[in-house]
Amino acid sequence: MSHRRITFIQAVREAFQEEMRRDERVFILGQDVRAGIFGTTSKLVGEFGEDRVINTPICESASVGAAVGAAMTGLRPVVQIMFGDFNYLAMEITANQAGQWHYLSDGALKVPMVIETPSGARGGAGYGHSQSLEAAFILPPGLKVAVPSTPYDAKGLLKSAIRDDNPVLFFEHRRLLTQRGHVPEEEYLIPLGQADIKREGKDVTLVALSATVQKALSAAERLSQQGIEVEVIDPRTLVPLDKETIFKSLQKTYHLVVVEEGRRRGGFGAELTAIAAEEWFDTLDAPVQRLGTISAPLPYSPVLEAACIPSEDDIVRAVLRSLGQEE
Amino acid sequence: MSHRRITFIQAVREAFQEEMRRDERVFILGQDVRAGIFGTTSKLVGEFGEDRVINTPICESASVGAAVGAAMTGLRPVVQIMFGDFNYLAMEITANQAGQWHYLSDGALKVPMVIETPSGARGGAGYGHSQSLEAAFILPPGLKVAVPSTPYDAKGLLKSAIRDDNPVLFFEHRRLLTQRGHVPEEEYLIPLGQADIKREGKDVTLVALSATVQKALSAAERLSQQGIEVEVIDPRTLVPLDKETIFKSLQKTYHLVVVEEGRRRGGFGAELTAIAAEEWFDTLDAPVQRLGTISAPLPYSPVLEAACIPSEDDIVRAVLRSLGQEE
Amino acid sequence: MALDNDTLKELYRNMVTVRLLEKRVERLVTAARIPCSGHFGTGQEAVGVGICGPLRSDDYLFGTHRGFAEYIGKGMAPAEILCEYYGKATSLSRGRLGQHLLKVDVGIMPLPSSLGSEFGMSVGAALSSKLRRSGQVTVNLFGEGTAGQADFGPALEMASLWQLPLVFVCNNNQYVELAHYRNVVATEDIAPRAGGYGVPYEIVDGNDITLVYDATERAVSRARNGEGPMLLEFKTYRRGTHYTGDPGGYQPREEIAAWEKKDPIDRCRDRMMAEGFWAETDEQAMRETIEAEIEAAVQFAEESPYPDPATVTENIYAQGGDKS
Amino acid sequence: MALDNDTLKELYRNMVTVRLLEKRVERLVTAARIPCSGHFGTGQEAVGVGICGPLRSDDYLFGTHRGFAEYIGKGMAPAEILCEYYGKATSLSRGRLGQHLLKVDVGIMPLPSSLGSEFGMSVGAALSSKLRRSGQVTVNLFGEGTAGQADFGPALEMASLWQLPLVFVCNNNQYVELAHYRNVVATEDIAPRAGGYGVPYEIVDGNDITLVYDATERAVSRARNGEGPMLLEFKTYRRGTHYTGDPGGYQPREEIAAWEKKDPIDRCRDRMMAEGFWAETDEQAMRETIEAEIEAAVQFAEESPYPDPATVTENIYAQGGDKS
Ligand SMILES: Cc1ncc(C[n+]2csc(CCOP(=O)(O)OP(=O)(O)O)c2C)c(N)n1
Ligand SMILES: Cc1ncc(C[n+]2csc(CCOP(=O)(O)OP(=O)(O)O)c2C)c(N)n1
Ligand SMILES: [Mg+2]
Ligand SMILES: [Mg+2]
């Protein structure tokens, strides 16, 4: 096995290349996808032509609508929404239509499509280009939601998402896009619904998403120096959710901390904590600690933005709180 | 005090009348609000004229956008969205704009507006006219969310919502609209953020929303005959949430059950259960029981619809489960 | 291809079926045998039926919530419609869809509960057939009120930009729920809006089914030949109320009466009789057959079982994914 | 009211301020002194500056993400812009807004991060001033790419239907991000789309500030007199790249060169000089003053403190509600 290290962007682009070569029904549409504002779709038009890499007008709702229509009629579109925040523009078509017609048609229609969407706070983008809205897609039925945290996961999950017969939202944290990681040359897939244990530990189960995985790992490293062994789990997809892996960890640690960059109120952590309080109650030795962005608009100024979003320090403190210790 | 009983529709209409008489900045816009498809705004145009009861084209996004613009410039609009499901059409403007500009402008702008929206399943309306989507508005910042369950609450909450300087979503369950209840002649307000104990009890705290409150009360009645005293709490607003009242009840009962007609996955129950598992952990003697609609599109056929939505029986069973008993 | 006599007879038969079926369903709704409310289109049957005339069975149709014209026109049987409305296990969707009629194998595509959400989807269907070089045409039918919805302009833009085989059809029946359309529509005609996006358009009498057929045929052949989208606006009139729960009263009686004189079914029958290929006996025989078919369909739907509640969790997600 | 010499001088001064300030901010972004990326509008300053000329200070402006023209034009000071871009506590928003410039007391209304979300809001602002009989006019400026957004048509419809005091202004700078606009816009002109909704329109050279001023003045007086909305399309050109991170290269060099010859600042200065009310000495004095003002503003912003992180939870909700 090679030890090639490539960026998240390259990993995503490779996933597109491989899937577009493999299946001519796959095509990409979105604003400036030919140029590729964030690079994930750049140069694809050279290999696949303008019919399969389509620049759309600035209209997220109709673009996602077009993807739904194409998906229902035999193609496998990937529609790029340039910033995660803009998914709310297409909320009706995503939540009320894309996720529902397979069921409503009793299986006569399938909606195999991916919404690829860079998102998250990276400093200096301000309120409407910085939000992490993945949790908004847990409530609507019929959707799947992927939130990769490494180039390896991004490639493997995106390939599975493209092959999946359901609509999948694929969130790419903009802070991760230029980071490098190991991605083998050989083809691989990562199934949707399989969590990954990013670090093993026995004292606390720390579930982290997307860009917070790295913060969680750094926090775990620091805590390890104090003798606290944190198990860091990246669920990788919010729907379907790999409850087994998290539960198995909890059966070892009895302590649960959840961290996400999306807002805490009504976030993924709410759903996971609720699952824990319902299904794993006897496996909890302490209150769950739930971290997320405060329930405010994301301010622009870097000092304010940082004050909203969970930091490595916040995670360390939450783990200690979970163990009944103060830092 | 009189013992007048009026319908939910009449209660809502009275709230509009009183507030429109009191404050000429208040006006209503929406599809067919002059005729008033569900009756809540019918005949208001006679008293207040066409300038204050405005029929809009069929475009939810621009209608809510217009309400935001009017609210920022000195008026106090109420925009009606005919079915709760259609709020997703205006999700961007509601979640990314309406709730955020007061904060972003550091207080220079206010957005005093109400989105009035009949919703919920009533049988025979099918997938996109039946959903309860109130939980989708917990995640976005800056919004308030009211879910009245009686004519009395509806009137008092709507009057407060209209006077509030923030955007408030006001959900009216369509099954409740024609129901009657006590509403005094005298003016009253119900503050947003004040739960109501609909029935006192000492064994289990049962938090229920909107149309499920009645089911919860019937279930409580049945359980009472078995010697189980359920305290039924209607939070009345999801944001702000009256945690104190729920916690106080829990300190008496140590058992929590949450029921809503919105979907269970990612619903209000997730947030409340998470709060309980974080903040009230030591006050929980048993796993929380969380009830909501299954995570599927709402099917049309009455037998299927009923199979998706929590019933009185489901509530009874959940309470018994919470107490470690089977029915 | 001009409209030949046999085709016209079939279109006529479809219009009559629509009229009779709608009346029958209206009674069933009022009698609470059917759990939903109904939106009917008495007087405007020529549009939905006529536009389906020139379509292939694999062409895509995005229809409307009002009545059955385009559904019957595109190949749904009365029994299929009734079973959906009853919510029975024998319906194509096994009780899931109700009024949101769908029949994928004859090209009847989703009717979204949110008006206008089909605009983007119809762009996608047309884009798909263009990319697949399948020769299919997509027809997107919508009301003049629905033309106010947000995705209407963007759909015109995309169809024009990509020269899609997409025919937009505005069924202008002059009412939007409980008000005259000029209450919420800024212009007399919707069609010129297409011009703003470079999409050619025609405005046509929607109560003459031969004109509806011919205009559609022109637009569909253009689209099929790769000459891009068109918009057709058919002027017609909704003689009934908005839906079964609407007491009406806001439509001037003289207005209704004037349009009754232009009834598309009467006009079609008069023409066929005048041209000598339709007789009173044909009429009677046809009506008897249709009524018998409808009654059989009602009975079938009535006797069909409700779906098993246990099926409610089936097909939430498609299983397995791509198999190739 | 024709454009008098003093007004023209002021507009000219504003254009030069915009040009110099944008160049300065571009350097600050590139040097990472300012944390955001910048979207600049070299060559199109006449539009944003010119449309503000005929406006009252209480008229509402919904501006764009590109450059500072309409913000300077409507009364924002360079220091106010810089403090926002730096995210400092001294900014009007106390560091919350960044590029989303806002100054409520001179009528500068929200710039939504999502293009096109201002269409509905501008309808609401115009409706509000109509209902309040305040005589205010709302101007909604947007790019030709943004005209593709969903709420554009509905905003035209509502403005037309309710005859609102709302002037739509399309700043057609011929590029939408990294591609020529015809890549994603189906038509050469945006303006005729207004006609489809019954909204009158004009297409005007956007590089001649006197024409921009005059056309706006006509539209604004119409609107103020209760004669309803208008749409103006100004043809101009974005000579720079889309944003600071864009290496460019897709705009033909000859195209840029051709438009350089039509530079709105040069044209305005040449005219003023030709007409004899502007001299080289005026020019030099003005530039020195502006540059000094900008440098002082940069220094002020640099030296300003960042907001206290503890303020981050303030004003999430408006407190108290209605007091009347
Ligand atoms: C997004 C959305 N808003 C509102 C409605 C409610 N509604 C159902 S039919 C209708 C009127 C449609 O008018 P038009 O498009 O003219 O069609 P017609 O009913 O006349 O056939 C409305 C507003 C809806 N179904 N979807
Ligand atoms: C809803 C939405 N989609 C996409 C973007 C990203 N975006 C920023 S500027 C821009 C191009 C705008 O083009 P145009 O309207 O012509 O204005 P210009 O930049 O030329 O001034 C895009 C697509 C956005 N901000 N909002
Ligand atoms: Mg109509
Ligand atoms: Mg442009």
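Residue numbers start from 1 in every chain, and the chains themselves are labelled A, B, ... in the order their sequence lines are given, proteins ahead of strands.
Across C/Leu97, C/Val104, C/Leu161, C/Asp105, the residue that shares the most heavy-atom pairs under 4.5 angstrom with chain A is C/Leu97. Comparing C/Leu92, C/Thr138, C/Val312, C/Thr311 by how many heavy-atom pairs each has under 4.5 Å with chain A, the most go to C/Val312. Ranked by non-hydrogen atom pairs under 4.5 Å with chain A, the options C/Pro110, C/Ser93, C/Ser117 are led by C/Pro110. Note on C/Val123, C/Leu102, C/Asp151, C/Leu127: by heavy-atom pairs under 4.5 Å with chain A, the leading option is C/Asp151. The choice from A/Leu104, A/Leu109, A/Val68 that makes the most heavy-atom pairs within less than 4.5 Å of chain C is A/Leu104. If you tally non-hydrogen atom pairs under 4.5 Å between each of C/Glu157, C/Met121, C/Lys103, C/Arg132 and chain A, the highest count goes to C/Met121.
Within residues 43-55 of chain A, the residues approaching chain C closer than 4.5 Å by heavy atoms are, in numerical order, A/Asp51, A/Ile54, A/Asn55. Of all residues spanning residues 27-35 of chain A, those with a heavy atom less than 4.5 Å away from chain C's heavy atoms are A/Phe27, arranged by number.
Less than 6.0 angstrom separates the ring centroid of A/Tyr152 from the ring centroid of A/Tyr188. A ring-centre distance under 6.0 Å is not found for C/Phe68 and C/Tyr71.
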With side chain to side chain contact (heavy atoms under 4.5 Å, CB included) as the test, would you mind laying out the steps for A/Met91 and A/Phe137 before giving the verdict?
CA-CA 9 Å; A/Met91 196 67 187; A/Phe137 299 90; 3.6 Å; yes

Taking it one step at a time, do C/Glu233 and C/Tyr201 satisfy side-chain hydrogen bond (donor to acceptor under 3.5 Å, both in side chains)?
CA-CA 8 Å; C/Glu233 178 171 355; C/Tyr201 58 89; over 6 Å; no

Can A/Asn87 and A/Thr117 be said to form a side-chain hydrogen bond (donor to acceptor under 3.5 Å, both in side chains), step by step?
CA-CA 8 Å; A/Asn87 279 293; A/Thr117 188; 3.1 Å; yes

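Looking only at side-chain heavy atoms (C-beta outward), A/Ser61 and A/Glu92 stay at 4.5 Å or farther from each other. For the pair A/Thr41/A/Phe16, a side-chain contact is recorded, criterion being any heavy-atom separation below 4.5 Å from C-beta on.
With a 4.5 angstrom heavy-atom cutoff, C/Tyr60 touches chain A only via side-chain atoms. Neither the backbone nor the side chain of C/Phe119 has a heavy atom closer than 4.5 Å to any heavy atom of chain A. There is no contact between C/Ser122 and chain A, counting heavy-atom distances below 4.5 Å. With a threshold of 4.5 angstrom between heavy atoms, C/Glu118 does not approach chain A through any atom at all. Neither the backbone nor the side chain of A/Ser160 comes within contact range of chain C; no heavy atom of the residue lies under 4.5 Å from a heavy atom of that chain. Proximity to chain C (any heavy atom under 4.5 Å) is shown, for A/Val79, by neither the backbone nor the side chain.
A salt bridge links A/Asp23 and A/Arg25; the closest N-O separation between the charged side-chain nitrogens and carboxylate oxygens is under 4.0 Å.
Side-chain polar atoms of A/Ser210 and A/Glu260 form no donor-acceptor pair below 3.5 angstrom. Judged by distance alone, the side chains of C/Asp59 and C/Gln136 never bring a donor and an acceptor atom under 3.5 Å apart.
Note that C/Lys88 lies in the cation-pi zone of C/Tyr306, set by a 6.0 Å cut-off to the ring centre and a 45° limit from the axis. The side-chain tip of C/Arg96 points at the ring of A/Tyr103 from less than 6.0 angstrom away and within 45° of straight on.
Taking the ring-ring contact (aromatic ring centres under 6.0 Å, His included) definition, one finds that A/Phe268 meets it with nothing, sequence neighbours left out. Residues that satisfy the ring-ring contact (aromatic ring centres under 6.0 Å, His included) test with C/Trp162, not counting sequence neighbours, are absent from this structure.
Of the options A/Arg13, A/Gln80, A/Glu172, a side-chain hydrogen bond (donor to acceptor under 3.5 Å, both in side chains) to A/Thr40 is made by A/Gln80 and by none of the others.
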